[in-house]
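Source: prediction; values computed, not measured. The figures that follow rest on heavy atoms only: side chains count, while hydrogens, waters and symmetry mates do not. Along the sequence shown, residues are numbered consecutively beginning with 1.
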Amino acid sequence: MATKAKVETSSPDEAFRKEVRTFLSENFPPELKGKGNALASVEGPGHETEAQKNWRQAMGSRGWGTPTWPAEYGGGGLNRKQAAILNEEMAKAGAYNPIGGMGVMMFGPTLLEYGNEAQKKEHIPPICRGEIRWCQGYSEPNAGSDLANLQTFAEDKGDHYVVNGQKTWTSGGQWADKCFCLVRTDKSDKHRGISFLLMDMDAPGVEVRPIQMISGMSPFCETFFTDVKVPKENLVGEEGQGWTIGKRLLQHERTNLSGGGSMARRGGSNLADLAKKYMETDADGRLSDKVMRDRIADFEIRWSAFLLTARRAAEESKASGGVSEISSVLKKLGTKLGQERAEMSIEIMGLQGLGWEGEGFTEAELAGVRGWLFGKATTIYGGSTEIQNNIISKRVLGMLDHQ
């Protein structure tokens, strides 16, 4: 009696997982396994190797660097389940996402919500392919925590604006191609007089001066605008809508700065592994310093709980159609935890955690020192902790001014 051949079936998710594995095996360079991406960092574009370039182009061509963005604008068009599968398989392969920066973390999601069709078609695809760098023109010398006090003025000249003013703390401004900028178009109203404008960083009249930080890096800049002509079509939304659009963008920024977004991948090895490398262990391989053992365990529990909370908040935001004021809670807690981790890392490394240059220190040790110093700024930029406290009290808890 003849038997029927067994027909193999697979679910759409299983088929997609196989597709991802095939893509990774064919396109991810083995020499990049376990390495991060310099292009997505504010420290500078670095020197892209041929392998890095090929990997960026491969991911960009599929839109998988921005997996859930609409495919019609160059994104992956994946659903949340598919995006999760992609992340899982990349993690297994030791692969990283080569598409990042402010275009992905902040500007892109904001433009998808507030931009017109022509602006989306012009600006979103290059972001998805990792071909362009954006910087942020928000803070000014007299408009930091009180951002609405900004004075950079865009004068209406008919078919274009003429922009004059100054921005400061412009992250990556010396490397950026374009800038999303808050400008004043009406001097009679503090908030409704602000508009959201897109500017070319190589336009005549734009001058960028890097600021050297205590960490030795110059990721921030002063940016000066002198009679810079900006076409009217570079206005996002309507005149006077900039404060609303700008606040939405800040919510995306704070989610990422908290460590709950893409920044969470920068944590490196856990503190226990670091401690076992630099401190004494007992016969069972445990840290001999019981106090440090307890401190590390306490921190790792709190950090893991935070990451789970941030992940849940991100899923809830996607389900509701956008980020919310909960980003201020995540930003406040995540940056504080990041600073605490850096402090403990330096303490664990002892003298090896105090090197600045010269022989006797590994690259990782020197990077740890600079990361520790750079991290001091995280509770200030993107909205200081005091600003987040104010947002939380008013927008999340509903407290009144007199409370």
Side-chain angles (χ1 to χ4, degrees), residues 39-46 100-108 110-111 123 126-127 132-157 160-185 187 193-236 242-243 245-247 249-250 252-254 256-257 374 377-378 380-384 387:
L39 290 177
S41 172
V42 297
E43 285 83 354
M102 293 186 184
V104 172
M105 293 193 300
M106 297 183 281
F107 174 62
T110 307
L111 191 68
H123 298 298
I127 294 174
I132 191 169
R133 279 179 161 268
W134 284 87
C135 66
Q136 179 181 31
Y138 271 36
S139 296
E140 298 182 4
N142 294 310
S145 295
D146 184 14
L147 180 59
N149 192 46
L150 64 91
Q151 298 301 313
T152 295
F153 188 64
E155 184 179 2
D156 192 335
K157 291 293 187 179
H160 67 277
Y161 296 100
V162 173
V163 180
N164 284 279
Q166 177 186 355
K167 296 294 180 178
T168 192
W169 309 122
T170 313
S171 301
Q174 69 271 53
W175 305 303
D177 304 295
K178 294 180 180 291
C179 176
F180 49 90
C181 192
L182 289 181
V183 299
R184 185 161 297 286
T185 48
K187 296 181 179 180
I194 297 173
S195 299
F196 195 98
L197 207 59
L198 309 182
M199 304 175 66
D200 291 326
M201 291 299 286
D202 60 356
V206 178
E207 179 186 0
V208 180
R209 302 176 188 172
I211 302 171
Q212 187 169 15
M213 309 299 290
I214 190 175
S215 62
M217 298 182 293
S218 298
F220 305 123
C221 303
E222 295 177 295
T223 304
F224 299 87
F225 304 113
T226 304
D227 294 332
V228 181
K229 295 178 65 175
V230 181
K232 277 286 185 70
E233 54 264 30
N234 284 15
L235 176 70
V236 178
W243 187 243
I245 299 173
K247 287 192 297 182
L249 185 142
L250 283 174
H252 290 292
E253 178 183 20
R254 288 161 183 166
N256 283 281
L257 291 179
F374 182 83
T378 59
I380 300 175
Y381 64 64
S384 67
I387 292 295

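Counting heavy atoms from C-beta outward, Leu182 and Leu147 have side chains that approach closer than 4.5 Å. Looking at Trp134 and Met106, their side chains never come closer than 4.5 Å, going by heavy atoms from C-beta outward. When side chains are defined from C-beta on, Lys178 does not count as touching Leu198, because their heavy atoms never get closer than 4.5 Å. By the 4.5 Å heavy-atom criterion applied to side chains, Ile211 and Glu222 are counted as neighbours. Contact of the Leu235 side chain with the Tyr161 side chain is registered, since non-hydrogen atoms from C-beta on lie closer than 4.5 Å. Within the 4.5 Å cutoff, the side chain of Tyr138 has heavy atoms near those of the Leu250 side chain.
Between Asn149 atom CG and Ser139 atom OG the span is 11.5 Å, to the nearest 0.5 Å. Expressed to the nearest 0.5 Å, how far CG of Asp227 lies from CG of Asn164 amounts to 4.5 Å. The line from CE of Met105 to CD of Gln136 is 9.5 Å long, rounded to the nearest 0.5 Å. Put simply, OG1 on Thr185 and CZ on Phe153 are 7.5 Å apart, with the number rounded to the nearest 0.5 Å. His160 contributes atom NE2, which lies 9.0 Å from atom CD of Glu155 (distance to the nearest 0.5 angstrom).
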Practice task
Could you give me the CA-CA distance, side-chain angles and deciding distance for Val208 and Thr170, then say whether side-chain contact (heavy atoms from CB on, under 4.5 Å) is met?
Solution key: CA-CA 9 Å; Val208 180; Thr170 313; over 6 Å; no

Handout entry: Test side-chain contact (heavy atoms from CB on, under 4.5 Å) applied to Asp177 and Met201, step by step
Key = CA-CA 5 Å; Asp177 304 295; Met201 291 299 286; over 6 Å; no

Handout entry: Pair Phe220-Thr168, side-chain contact (heavy atoms from CB on, under 4.5 Å): steps then yes or no
Key = CA-CA 8 Å; Phe220 305 123; Thr168 192; over 6 Å; no

Practice task
Show your reasoning for whether side-chain hydrogen bond (donor to acceptor under 3.5 Å, both in side chains) applies to Thr152 and Glu140.
Solution key: CA-CA 8 Å; Thr152 295; Glu140 298 182 4; 2.7 Å; yes

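Smallest separation of non-hydrogen atoms from Leu150 and Val183: CD1-C, 3.7 Å. Pairing each heavy atom of Lys167 with each of Cys181, the nearest pair is CE-SG, 3.6 Å. Minimum heavy-atom separation, Met102 to Ser171: CE-CB, 3.2 Å. Between Ala203 and Val228, the shortest heavy-atom contact is CB-CG1, 4.1 Å. Nearest heavy-atom pair across Cys179 and Gly137 is SG-N, 3.5 Å.
With Val206 as reference, Thr223 is the one residue of Val163, Thr223, Asp200 to meet the side-chain contact (heavy atoms from CB on, under 4.5 Å) rule.
Between Phe180 and Phe196, the two ring planes are parallel [angle under 30°; tilted spans 30° to 60°].
In this structure, Lys229 has no salt bridge (charged side-chain N to carboxylate O under 4.0 Å, His left out) partners at least two apart in sequence or on a different chain.
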